[in-house]
Colleague: 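For reference, the structure I am asking about is given below.
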Protein chains: 2
Amino acid sequence: MIAAKEAGLTIQEVAEMTGLTAHTLRYYEKIGLLESIDRHGNGHRRYDEADLGWIHFLKLLRGTGMPIQQMQQFMELARQGDDSIADRVDLLQEHRQELFTRISELQEHLAHLDHKIAYYQGILTGIPADPCDS
Amino acid sequence: MIAAKEAGLTIQEVAEMTGLTAHTLRYYEKIGLLESIDRHGNGHRRYDEADLGWIHFLKLLRGTGMPIQQMQQFMELARQGDDSIADRVDLLQEHRQELFTRISELQEHLAHLDHKIAYYQGILTGIPADPCDS
DNA sequence: TCTTGACTTAGAGTGCGCTCTAAGATGTAT
DNA sequence: ATACATCTTAGAGCGCACTCTAAGTCAAGA
């Protein structure tokens, strides 16, 4: 490594920084979630700060359970420039609503699960259990 | 349908009551999530109240994102009788913890997403946006 | 008797989101 | 020169949780 570090991060560096694998980074690029990443002279990818920003955003969307298809739609809009911002907001807000609903459902399930656990614990400790076991 | 209704529900009835498909009910039985369901004279399944209770419980577990494998473990314990209750509680409590963590993560993601949406809306309405776009 | 419809089985197929393989190019260190 | 590490590509494979198909049985109704 005599040559000065050329601008940009290698795929491995980005993988380590983001927690995605290099495989996944290439996959995301192939299916259009990332624009073609700049290449170093030898054809190797070099990621810049903007790329990193998009990758973090994609991670957020996936983390919220957005399907890849919807993410592709979003990135297609993003590629169309600032005129698409309203559409992008719509898409995000729809997803936000779904996420909110899902969280609520999970909270209900959690309460239900706690109820079940308490029921089984009641049996264990010999305390007469609530006959309603639902 | 002259014969008096024999005890128990048909697979279709249970499907409608639970929101699972008949396919899924057979699948759950095949992989050991349900004990062998009683059969009517002609070999058709007949579900009783207890079966229904287990199915609702399985739906709860799946609804909380428990993997099928773990559900199989749980049902294996259940088949071993009351001596396994402590182990079942352990399993459920571990899962409860994971569920709780997942809900927390989703809530963080939701906040982050809201932040993003607000950022984009700021652009739309021409209000100078917070330069920190993360 | 014939048709219809609900059920049975074993096993194949599906959609999702990666994840990995194979073959090859390039660059660095000894 | 040689060994190695890291990257490239196209495309195959995987794990999960269903979901569906094909071929067959059975009972009720026209």
Side-chain angles (χ1 to χ4, degrees), chain A residues 1-34 36-47 51 55 57-75 95 98 102, chain B residues 1-34 36-47 51 55 57-75 95 98 102:
Chain A
M1 246 204 231
I2 278 166
K5 215 175 199 126
E6 310 251 345
L9 300 153
T10 68
I11 197 166
Q12 263 318 312
E13 285 165 342
V14 173
E16 277 154 31
M17 290 169 73
T18 61
L20 299 176
T21 67
H23 287 309
T24 301
L25 287 167
R26 290 191 202 98
Y27 167 65
Y28 277 9
E29 190 178 340
K30 183 160 63 177
I31 66 173
L33 290 185
L34 293 169
S36 292
I37 302 295
D38 280 349
R39 302 308 177 104
H40 189 255
N42 55 13
H44 293 192
R45 290 170 179 80
R46 285 299 151 112
Y47 295 80
D51 297 328
I55 293 167
F57 182 59
L58 292 172
K59 274 198 72 180
L60 170 63
L61 294 184
R62 280 298 297 141
T64 62
M66 183 183 283
I68 293 277
Q69 264 209 25
Q70 222 172 114
M71 290 167 60
Q72 287 172 314
Q73 265 176 52
F74 186 93
M75 295 309 288
H95 180 61
E98 268 167 41
R102 210 153 60 73
Chain B
M1 248 209 228
I2 278 166
K5 216 177 199 125
E6 308 253 342
L9 300 153
T10 68
I11 197 165
Q12 263 318 314
E13 286 165 341
V14 173
E16 278 153 32
M17 291 170 72
T18 60
L20 299 176
T21 67
H23 287 307
T24 301
L25 286 167
R26 290 191 202 98
Y27 167 66
Y28 277 9
E29 189 177 342
K30 183 159 64 179
I31 66 173
L33 290 185
L34 294 170
S36 293
I37 302 295
D38 280 350
R39 303 308 177 104
H40 189 254
N42 56 11
H44 294 194
R45 290 169 179 81
R46 287 297 152 112
Y47 294 81
D51 297 328
I55 292 167
F57 182 60
L58 293 173
K59 274 199 70 181
L60 170 63
L61 294 184
R62 280 298 297 140
T64 61
M66 183 183 283
I68 293 276
Q69 264 209 24
Q70 221 171 113
M71 289 167 60
Q72 287 172 314
Q73 265 176 53
F74 186 95
M75 295 308 289
H95 179 62
E98 267 166 41
R102 212 153 60 74

Colleague: Distance check needed: D:dA5 C1' versus A:H40 NE2, whole Å only.
Modeller: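 To the nearest whole Å, that distance equals 16 Å.
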
Colleague: Considering just the side-chain nitrogens and oxygens of A:Y28, establish if one lies under 4.0 Å of OP1 or OP2 belonging to C:dG17.
Modeller: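 False: A:Y28 side-chain N/O out of range (4.0 Å or more) of C:dG17 OP1/OP2.
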
Colleague: Between C:dC20, D:dA17, D:dC20, which nucleotide gets closest to the side-chain atoms of B:H23?
Modeller: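 When the side chain of B:H23 is considered, D:dC20 is the closest of C:dC20, D:dA17, D:dC20.
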
Colleague: Apply the test side chain to side chain contact (heavy atoms under 4.5 Å, CB included) to residues A:E16 and A:Q12: give CA-CA distance (whole Å), side-chain angles for both, the deciding distance (0.1 Å), then the verdict.
Modeller: CA-CA 6 Å; A:E16 277 154 31; A:Q12 263 318 312; 3.8 Å; yes

Colleague: To the nearest 0.5 Å, how far apart are CG in B:L34 and CZ in B:F57?
Modeller: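 Interatomic distance, B:L34 CG to B:F57 CZ, rounded to 0.5 Å: 12.0 Å.
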
Colleague: Starting from P on D:dT8, measure out to CD on A:Q12 and report it in whole angstrom.
Modeller: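 Distance check: A:Q12 CD to D:dT8 P gives 9 Å.
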
Colleague: Think B:T10 has a side-chain N or O under 4.0 angstrom from the OP1 or OP2 of C:dA6?
Modeller: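 So the side-chain polar atoms of B:T10 never come under 4.0 Å of the phosphate oxygens OP1 or OP2 of C:dA6.
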
Colleague: Between B:L25 (CG) and D:dC20 (P), how many Å, whole number?
Modeller: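 The answer, rounded to whole Å, is 14 Å.
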
Colleague: Using the rule side chain to side chain contact (heavy atoms under 4.5 Å, CB included), only one of A:T10, A:I37, A:T18, A:D38 pairs with A:Y47; which is it?
Modeller: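 The passing option is A:I37.
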
Colleague: List the steps, then state whether side chain to side chain contact (heavy atoms under 4.5 Å, CB included) holds for B:R45 with B:R39.
Modeller: CA-CA 4 Å; B:R45 290 169 179 81; B:R39 303 308 177 104; 3.4 Å; yes

Colleague: What is the distance from CZ of A:R62 to P of C:dT19, rounded to the nearest Å?
Modeller: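 Between P of C:dT19 and CZ of A:R62: 10 Å.
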
Colleague: Got a second to check how far B:Y28's OH is from B:R62's CZ, nearest 0.5 Å?
Modeller: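 The OH atom of B:Y28 sits 5.5 Å away from the CZ atom of B:R62.
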
Colleague: What integer distance in Å separates B:L20:CG from D:dC18:P?
Modeller: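 My rounded result for the distance is 8 Å.
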
Colleague: Can you tell me the distance, in whole Å, between the CD atom of A:E13 and the C1' atom of D:dC7?
Modeller: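 Between C1' of D:dC7 and CD of A:E13: 13 Å.
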
Colleague: For A:Y27, give me all partners under ring-ring contact (aromatic ring centres under 6.0 Å, His included), at least two apart in sequence or on another chain.
Modeller: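 Partners of A:Y27 under the ring-ring contact (aromatic ring centres under 6.0 Å, His included) test: none.
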
Colleague: Report the distance from atom CE of B:M66 to atom C1' of D:dC16, rounded to the nearest whole Å.
Modeller: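 Taking CE of B:M66 and C1' of D:dC16, I get 16 Å after rounding.
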
Colleague: Please determine, for the side chain of A:I68, which listed nucleotide (D:dC20, D:dA17, C:dC18) has the closest atom?
Modeller: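 In terms of side-chain proximity for A:I68, the closest of D:dC20, D:dA17, C:dC18 is C:dC18.
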
Colleague: Assess the residue pair B:R102 and B:T64 against the criterion (side chain to side chain contact (heavy atoms under 4.5 Å, CB included)); give the C-alpha distance rounded to whole Å, side-chain angles, the decisive distance to 0.1 Å, and a yes or no.
Modeller: CA-CA 10 Å; B:R102 212 153 60 74; B:T64 61; 5.8 Å; no

Colleague: What are the atom names and distances for every N/O pair under 3.5 Å that joins the protein to nucleotides 8-10 of chain C?
Modeller:
residue	atom	partner	partner atom	Å
C:dT8	OP1	B:R45	N	2.7
C:dT8	OP1	B:R45	NH1	2.9
C:dT8	OP2	B:R26	NE	2.9
C:dT8	OP2	B:R26	NH2	3.1
C:dT8	OP2	B:R45	NH1	3.3
C:dT8	O5'	B:R45	NH1	3.4
C:dT9	OP1	B:R39	NH2	3.1
C:dT9	OP2	B:R45	NH1	3.0
C:dT9	OP2	B:R45	NH2	2.8

Colleague: Using atom CD1 of B:I31 as one end and atom C1' of D:dG15 as the other, report the distance to the nearest whole Å.
Modeller: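 Checked: the CD1 to C1' distance equals 14 Å.
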
